[in-house]
2 protein chains.
Amino acid sequence: MESRPRMTKQRQVILEELRMMRSHPTADELYERVRGRLPRISLGTVYRNLEKLAGSGMIRKLDYPGSQMRFDGDLHGHQHIRCISCGRIEDIDGAPEPTRCDRELLAGSGYRLVERRVEYVGICPECDAMEKGNQKS
Amino acid sequence: MESRPRMTKQRQVILEELRMMRSHPTADELYERVRGRLPRISLGTVYRNLEKLAGSGMIRKLDYPGSQMRFDGDLHGHQHIRCISCGRIEDIDGAPEPTRCDRELLAGSGYRLVERRVEYVGICPECDAMEKGNQKS
DNA sequence: TTAATAATAGTAACGATTACCAATATTAAT
DNA sequence: ATTAATATTGGTAATCGTTACTATTATTAA
Ligand SMILES: [Mn+2]
Ligand SMILES: [Mn+2]
Ligand SMILES: [Zn+2]
Ligand SMILES: [Zn+2]
């Protein structure tokens, strides 16, 4: 009835490569990377394994609105900021997400609060410089 | 060079219907609704107009991770909570989004903070009751 | 009216993700 | 090592929300 996961070469390499990267790659970015070591791997396998690994808590899946999913091999508690210009996601080390008057705010809704996500959106230094360069007005 | 928007029957009806609805419909939900008044309208027209209306600030576009876009005809400043079970989005009237130690947190990143989104995720009363009913264990 | 051109309906294309399936690799037991 | 059970794979097709295309129509200002 139950099914034990098997540590395949593909799963191993995907996990290793993701942990090596400091960035937060999309599935196909990671796919390209992994192909360096396993040229015959398929994109579907990458998706499948990322899903499994995220499900078992070995990696983090980051899904932000309006962009494809990204993955994080760093389980250390940290926040992220996303660049609205290029989509890059950077780590923010620091205090865990704060909580406050949320209870009061939600009191009337009848909802059972499961998660409170704080999403930071900004412009990364590179894009900022670029925008300042191409100023039209 | 410049282009002035035209108030077509379709745009008018889409805006009216969205403003009437208290829910936060997806494009195709709104499409079904609008077809009651304009049977020959196409889904593409609904998408196109929602985009235009959102761009000009006449409606709000809500894009949450992992689900299709939703739209809000209510411009009054308010927050939302989304049910992770059924996807429904409900209004939360109350204080505007708080801000605090964010500056400090972001100081080291070099990013220019554009927006700080607080997303509430929970279980709506209906889904909560349903889950309590279908308990397996 | 007229002319200029947004906007439309219908449909095809897109891109990220998932589903399918016969072949293969991993695991645990022999 | 051999085996048997089955999780996983590679390759590909399908899905689904959304966007792009295009000939035709409707809106606007003159
Ligand atoms: Mn990270
Ligand atoms: Mn709302
Ligand atoms: Zn950037
Ligand atoms: Zn619900």
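All chains are named by letter (A, B, ...) in the order of the sequence lines, taking the proteins before the strands, and each is independently numbered beginning at 1. These numbers come from a predicted model, not from an experiment.
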- Message: Nearest whole Å is fine: how far is C:dT17 P from A:E29 CD?
- Response: 11 Å

- Provide the closest heavy-atom pair for B:L43 versus B:D28 in the form atom of the first, atom of the second, distance. CD1-CA, 4.1 Å

- Between B:E29 (side chain) and B:T26 (backbone), is there a donor-acceptor pair under 3.5 Å? yes

- Roughly how many Å is it from NZ in B:K61 to C1' in D:dT18, rounded to a whole number? 10 Å

- Whole-Å distance between C:dA7 C1' and B:Q12 CD? 15 Å

- Query: Which of the following nucleotides, D:dG17, D:dT8, D:dT9, is nearest to the side chain of B:Q68?
  - Reply: D:dG17

- Would one find a side-chain N or O of A:Q10 under 4.0 angstrom from OP1 or OP2 of C:dA25? no

- Between A:G44 and A:K52, whichever has its closest DNA chain D nucleotide further toward 5' is A:K52

- Message: How many whole angstroms separate atom CE of B:M7 from atom C1' of D:dA29?
- Response: 17 Å

- Query: Rounded to the nearest Å, what distance is computed from the OH atom of residue B:Y31 to the C1' atom of nucleotide D:dT18?
  - Reply: 14 Å

- With the side chain of A:R11 defined as its heavy atoms from C-beta on, choose the nearest nucleotide among D:dG11, D:dT9, C:dA16. D:dT9

- Donor-acceptor under 3.5 Å (A:H24 side chain, A:F71 main chain): no

- Given C:dT17, D:dG10, C:dA7, the nucleotide with the shortest approach to the side chain of A:R48: D:dG10

- Donor-acceptor pair under 3.5 Å, B:R6 side chain vs C:dT5 base: yes

- Item | Side-chain (B:R11) to main-chain (B:R6) donor-acceptor, under 3.5 angstrom | yes

- Query: Does A:R40 have a side-chain nitrogen or oxygen under 4.0 Å from the phosphate oxygens OP1 or OP2 of D:dG11?
  - Reply: yes

- Task: Give a yes or no on whether the backbone of B:H76 and the side-chain of B:H78 come within a donor-acceptor separation of less than 3.5 Å.
- Result: yes

- Message: Within the 4.0 Å heavy-atom criterion, would you say A:N49 contacts the bases, only the backbone, or no part of the nucleic acid?
- Response: sugar-phosphate

- B:L38 CG to D:dT25 P, in whole Å, measures 18 Å

- Rounded to whole Å, the CD-P distance (A:E51 to C:dA19) equals 10 Å

- Message: Looking at D:dT8, I'd like to know if its phosphate oxygens (OP1 or OP2) sit under 4.0 Å from a side-chain N or O belonging to A:T8.
- Response: no

- Nearest-angstrom distance from the residue atom CG of A:L43 to C1' of C:dT17: 9 Å

- Just to confirm, is there a sub-4.0 Å distance from OP1 or OP2 of D:dT19 to any side-chain nitrogen or oxygen of B:Y47? no

